[in-house]
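Because only heavy atoms are used, hydrogens play no part in the values below, and waters and symmetry mates are left out as well, while side chains stay in.
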Amino acid sequence: PPPPPPPPPPPPPLFFLTQTPPYEILSGLVGSEMCIRDRLIPEKVTVDFDGLTVTVKGPKGELKRLMPEGVSFDKKDNTVVVSPTTTKIHSRQRHGLCRALIANMVEGVSQGFSKKLEIVGVGSRAQVKGKNLVVSAGYSHPVEMIPPDGITYKVESNTNVTVSGIDKEIVGNEAAKIRSIRPPEPY
(Lines give C-alpha, C1' and ligand atoms only; values in the text may rest on other atoms or scores of the structure.)
Protein backbone atom coordinates (compact mmCIF):
# COMPACT_ATOMS: atom_id res chain seq x y z
CA PRO A 1 0.00 0.00 0.00
CA PRO A 2 1.15 3.58 -0.63
CA PRO A 3 2.48 5.59 2.33
CA PRO A 4 -0.02 7.90 4.06
CA PRO A 5 0.01 11.55 2.95
CA PRO A 6 2.01 13.97 5.11
CA PRO A 7 0.03 15.87 7.73
CA PRO A 8 -1.22 19.31 6.66
CA PRO A 9 0.85 22.29 7.79
CA PRO A 10 -0.37 24.09 10.91
CA PRO A 11 -2.65 27.07 10.24
CA PRO A 12 -0.97 30.48 10.31
CA PRO A 13 -1.45 32.52 13.48
CA LEU A 14 -4.28 35.01 13.41
CA PHE A 15 -2.05 37.96 14.30
CA PHE A 16 1.57 38.74 14.96
CA LEU A 17 2.86 40.72 17.92
CA THR A 18 6.15 42.32 17.12
CA GLN A 19 8.07 44.95 18.96
CA THR A 20 10.75 47.06 17.41
CA PRO A 21 14.10 46.17 18.97
CA PRO A 22 15.68 49.05 20.90
CA TYR A 23 18.64 49.35 18.52
CA GLU A 24 16.28 50.19 15.64
CA ILE A 25 14.59 52.88 17.71
CA LEU A 26 17.82 54.51 18.79
CA SER A 27 19.48 54.41 15.37
CA GLY A 28 16.88 56.42 13.43
CA LEU A 29 15.21 59.77 13.86
CA VAL A 30 12.20 59.36 16.13
CA GLY A 31 10.00 61.64 18.20
CA SER A 32 11.53 64.97 19.07
CA GLU A 33 14.63 64.39 16.95
CA MET A 34 12.43 64.26 13.88
CA CYS A 35 10.99 67.71 14.58
CA ILE A 36 14.06 69.47 15.99
CA ARG A 37 15.05 70.76 12.58
CA ASP A 38 11.70 72.46 11.98
CA ARG A 39 10.62 73.51 15.49
CA LEU A 40 12.75 76.35 16.73
CA ILE A 41 11.58 78.30 19.75
CA PRO A 42 10.44 81.78 18.60
CA GLU A 43 12.45 84.78 19.78
CA LYS A 44 9.98 86.11 22.36
CA VAL A 45 9.20 82.68 23.87
CA THR A 46 11.05 81.14 26.82
CA VAL A 47 10.82 77.51 27.91
CA ASP A 48 11.87 76.51 31.45
CA PHE A 49 12.03 73.09 33.10
CA ASP A 50 11.71 72.34 36.81
CA GLY A 51 11.80 68.57 37.10
CA LEU A 52 8.77 67.37 35.12
CA THR A 53 7.07 70.79 35.16
CA VAL A 54 7.39 72.74 31.91
CA THR A 55 6.71 76.48 31.86
CA VAL A 56 6.38 78.34 28.56
CA LYS A 57 6.14 82.16 28.51
CA GLY A 58 5.42 84.25 25.46
CA PRO A 59 3.77 87.44 24.21
CA LYS A 60 0.22 86.03 24.61
CA GLY A 61 0.67 84.63 28.12
CA GLU A 62 2.13 81.80 30.17
CA LEU A 63 1.35 78.07 30.24
CA LYS A 64 2.51 75.58 32.86
CA ARG A 65 2.10 71.81 32.67
CA LEU A 66 3.23 68.76 34.64
CA MET A 67 4.54 66.12 32.24
CA PRO A 68 4.34 62.36 32.85
CA GLU A 69 7.33 60.35 34.05
CA GLY A 70 9.56 58.48 31.62
CA VAL A 71 10.95 61.45 29.66
CA SER A 72 13.74 63.97 30.09
CA PHE A 73 14.02 67.50 28.73
CA ASP A 74 17.00 69.48 27.51
CA LYS A 75 17.55 72.80 25.73
CA LYS A 76 20.08 72.87 22.92
CA ASP A 77 20.66 76.15 21.14
CA ASN A 78 17.15 77.37 20.30
CA THR A 79 15.33 74.02 20.47
CA VAL A 80 13.84 71.75 23.11
CA VAL A 81 14.92 68.10 23.02
CA VAL A 82 12.58 65.54 24.59
CA SER A 83 14.13 62.11 25.17
CA PRO A 84 12.73 58.86 26.58
CA THR A 85 14.57 57.76 29.72
CA THR A 86 14.24 54.04 28.88
CA THR A 87 13.45 51.95 25.81
CA LYS A 88 10.23 50.58 27.32
CA ILE A 89 7.03 51.18 25.39
CA HIS A 90 5.45 53.51 27.98
CA SER A 91 8.50 55.75 27.98
CA ARG A 92 8.50 55.91 24.16
CA GLN A 93 4.75 56.69 24.06
CA ARG A 94 5.11 59.49 26.60
CA HIS A 95 8.09 60.79 24.64
CA GLY A 96 5.91 61.61 21.63
CA LEU A 97 3.11 62.92 23.85
CA CYS A 98 5.41 65.34 25.70
CA ARG A 99 6.97 66.54 22.45
CA ALA A 100 3.53 67.36 21.06
CA LEU A 101 2.37 69.03 24.30
CA ILE A 102 5.43 71.30 24.42
CA ALA A 103 5.08 72.16 20.72
CA ASN A 104 1.42 73.12 21.33
CA MET A 105 2.37 75.22 24.36
CA VAL A 106 5.01 77.10 22.34
CA GLU A 107 2.58 77.70 19.48
CA GLY A 108 -0.17 78.77 21.90
CA VAL A 109 1.85 81.47 23.68
CA SER A 110 3.29 82.79 20.42
CA GLN A 111 0.32 82.63 17.99
CA GLY A 112 -2.67 81.27 19.92
CA PHE A 113 -5.34 78.80 18.83
CA SER A 114 -8.87 79.28 17.54
CA LYS A 115 -11.77 77.07 16.52
CA LYS A 116 -14.52 78.29 14.21
CA LEU A 117 -18.09 77.02 14.49
CA GLU A 118 -20.98 77.72 12.16
CA ILE A 119 -24.54 77.67 13.48
CA VAL A 120 -26.98 76.30 10.91
CA GLY A 121 -30.73 76.28 11.41
CA VAL A 122 -33.75 78.52 11.14
CA GLY A 123 -33.81 80.97 14.02
CA SER A 124 -30.55 79.73 15.52
CA ARG A 125 -28.07 82.45 16.36
CA ALA A 126 -25.41 83.48 18.86
CA GLN A 127 -24.32 86.75 20.43
CA VAL A 128 -21.74 87.90 22.95
CA LYS A 129 -23.00 89.61 26.11
CA GLY A 130 -20.04 90.92 28.09
CA LYS A 131 -17.67 87.94 28.01
CA ASN A 132 -20.42 85.31 27.89
CA LEU A 133 -21.78 83.65 24.77
CA VAL A 134 -25.57 83.41 24.47
CA VAL A 135 -26.80 80.78 21.99
CA SER A 136 -30.40 80.55 20.76
CA ALA A 137 -30.61 77.02 19.41
CA GLY A 138 -34.35 76.39 19.20
CA TYR A 139 -34.98 75.65 22.85
CA SER A 140 -37.51 77.51 24.99
CA HIS A 141 -34.66 79.46 26.57
CA PRO A 142 -31.29 80.79 25.37
CA VAL A 143 -28.19 78.90 26.54
CA GLU A 144 -25.47 81.00 28.17
CA MET A 145 -21.84 79.83 28.05
CA ILE A 146 -19.41 81.31 30.59
CA PRO A 147 -15.82 81.18 29.30
CA PRO A 148 -12.99 79.87 31.48
CA ASP A 149 -9.93 82.05 32.07
CA GLY A 150 -7.99 82.76 28.89
CA ILE A 151 -10.84 81.98 26.47
CA THR A 152 -12.60 84.60 24.35
CA TYR A 153 -15.68 84.27 22.18
CA LYS A 154 -16.23 86.25 19.00
CA VAL A 155 -19.40 86.21 16.88
CA GLU A 156 -19.66 87.35 13.27
CA SER A 157 -23.00 87.72 11.49
CA ASN A 158 -24.92 85.92 14.30
CA THR A 159 -23.99 82.46 12.98
CA ASN A 160 -20.19 82.22 13.01
CA VAL A 161 -18.64 81.68 16.44
CA THR A 162 -14.87 81.77 17.02
CA VAL A 163 -13.40 80.37 20.24
CA SER A 164 -9.81 81.51 20.84
CA GLY A 165 -7.16 81.22 23.51
CA ILE A 166 -3.60 80.07 24.20
CA ASP A 167 -4.31 76.54 25.52
CA LYS A 168 -5.22 74.19 22.68
CA GLU A 169 -6.91 71.70 25.00
CA ILE A 170 -9.24 74.26 26.60
CA VAL A 171 -10.08 75.87 23.23
CA GLY A 172 -11.08 72.47 21.82
CA ASN A 173 -13.12 71.58 24.90
CA GLU A 174 -15.05 74.87 24.81
CA ALA A 175 -15.78 74.45 21.09
CA ALA A 176 -17.06 70.92 21.82
CA LYS A 177 -19.30 72.23 24.62
CA ILE A 178 -20.83 74.83 22.29
CA ARG A 179 -21.38 72.19 19.61
CA SER A 180 -23.03 69.89 22.15
CA ILE A 181 -25.78 72.46 22.85
CA ARG A 182 -27.52 71.21 19.71
CA PRO A 183 -25.49 68.54 17.86
CA PRO A 184 -25.78 68.52 14.07
CA GLU A 185 -28.50 66.35 12.58
CA PRO A 186 -26.73 63.55 10.65
CA TYR A 187 -29.58 62.93 8.17
K.L.:
Which pair of non-hydrogen atoms, one from Tyr153 and one from Lys131, has the smallest distance, and what is that distance?
P.N.:
CD1-O, 3.6 Å
K.L.:
In terms of heavy-atom contacts, does CD of Glu144 have more than 12 from other residues, nucleotides or ligands at under 6.0 Å?
P.N.:
yes
K.L.:
On a heavy-atom basis, which atom in Arg99 and which in Val82 lie closest, and how many Å separate them?
P.N.:
CA-CG2, 4.2 Å
K.L.:
Consider only side-chain heavy atoms of I, L, V, M, F, W and Y, link residues closer than 4.5 Å, and tell whether Leu101 and Val171 are in one cluster.
P.N.:
no
K.L.:
Is Val143 reachable from Val120 through a run of I, L, V, M, F, W or Y residues, each pair having side-chain heavy atoms under 4.5 Å apart?
P.N.:
no
K.L.:
State yes or no: do Val106 and Val71 share one hydrophobic cluster built from I, L, V, M, F, W and Y residues joined by side-chain heavy-atom distances below 4.5 Å, directly or via other members?
P.N.:
yes
K.L.:
Show the numbers, then the answer: is there a side chain to side chain contact (heavy atoms under 4.5 Å, CB included) between Phe73 and Val47?
P.N.:
CA-CA 11 Å; Phe73 309 103; Val47 180; over 6 Å; no
K.L.:
Grab the two heavy atoms, one from Pro59 and one from Val109, that are nearest each other, plus how far apart they are.
P.N.:
CD-O, 3.3 Å
K.L.:
Please round to the nearest 0.5 Å and tell me the distance separating atom NE2 of His90 and atom CD of Glu69.
P.N.:
12.5 Å
K.L.:
Do Thr152 and Ser164 meet the criterion of a side-chain donor-acceptor pair at a distance under 3.5 Å?
P.N.:
yes
K.L.:
Kindly determine whether Val155 and Gln127 satisfy side chain to side chain contact (heavy atoms under 4.5 Å, CB included), including the steps that lead there.
P.N.:
CA-CA 6 Å; Val155 177; Gln127 60 185 1; 5.6 Å; no
K.L.:
Sub-3.5 Å donor-acceptor pair from the side chain of Asn78 to the main-chain atoms of Ile41, do we have one?
P.N.:
yes
K.L.:
Does the side chain of Lys64 come within less than 4.5 Å of Thr53's, by heavy atoms?
P.N.:
yes
K.L.:
Once rounded to the nearest 0.5 Å, what's the spacing between atom CD1 of Ile166 and atom CG of Asn104?
P.N.:
12.5 Å
K.L.:
Looking only at non-hydrogen atoms, find the nearest pair between Leu97 and Pro68 and report the distance.
P.N.:
CD2-CG, 4.1 Å
K.L.:
Rounded to the nearest 0.5 Å, what separates atom CG in Leu133 from atom NZ in Lys177?
P.N.:
12.5 Å
K.L.:
Does Glu118 offer a backbone N or O that forms a donor-acceptor pair with the side chain of Thr159 under 3.5 Å?
P.N.:
no
K.L.:
Quick check: does any side chain N or O of Ser91 sit under 3.5 Å from a backbone N or O of Gly70, one acting as donor and the other as acceptor?
P.N.:
yes
K.L.:
Please answer: with hydrophobic residues joined when any side-chain heavy atoms are less than 4.5 Å apart, are Ile146 and Ile178 in the same cluster?
P.N.:
no
K.L.:
Determine the minimum heavy-atom distance between Leu117 and Ala175, stating which atoms define it.
P.N.:
CD1-O, 3.7 Å
K.L.:
What's the shortest heavy-atom distance between Ser124 and Ile119, and which atoms?
P.N.:
CB-CG2, 3.5 Å
K.L.:
Begin with the C-alpha distance, continue with both residues' side-chain angles, and end with the deciding distance and a verdict on side chain to side chain contact (heavy atoms under 4.5 Å, CB included) for Glu169 and Arg65.
P.N.:
CA-CA 12 Å; Glu169 182 178 356; Arg65 185 175 209 119; 2.9 Å; yes
K.L.:
Can you tell me if CZ on Arg125 sees more than 12 non-hydrogen neighbours from other groups inside 6.0 Å?
P.N.:
no
K.L.:
Using the rule side-chain contact (heavy atoms from CB on, under 4.5 Å), only one of Ile151, Asn132, Ile181, Val134 pairs with Met145; which is it?
P.N.:
Ile181
K.L.:
Hey, what do you get for CE (Met67) to NE2 (His95), rounding to the nearest 0.5 Å?
P.N.:
12.0 Å
K.L.:
Do Asn160 and Lys116 touch side chain to side chain, with heavy atoms closer than 4.5 Å?
P.N.:
no
K.L.:
Quick one: CZ on Phe113 to CD1 on Ile170, what's the gap to the nearest 0.5 Å?
P.N.:
12.0 Å
K.L.:
Measure from the side-chain N and O atoms of Arg182 to the backbone N and O of Ala137, and report whether any donor-acceptor pair falls under 3.5 Å.
P.N.:
yes
K.L.:
Quick one, Val54 with Val56, criterion side chain to side chain contact (heavy atoms under 4.5 Å, CB included). Give me CA distance, side-chain angles, the key distance, then yes/no.
P.N.:
CA-CA 7 Å; Val54 178; Val56 181; 4.1 Å; yes
K.L.:
What distance do Leu63 atom CG and Lys57 atom NZ have between them, rounded to the nearest 0.5 Å?
P.N.:
12.0 Å
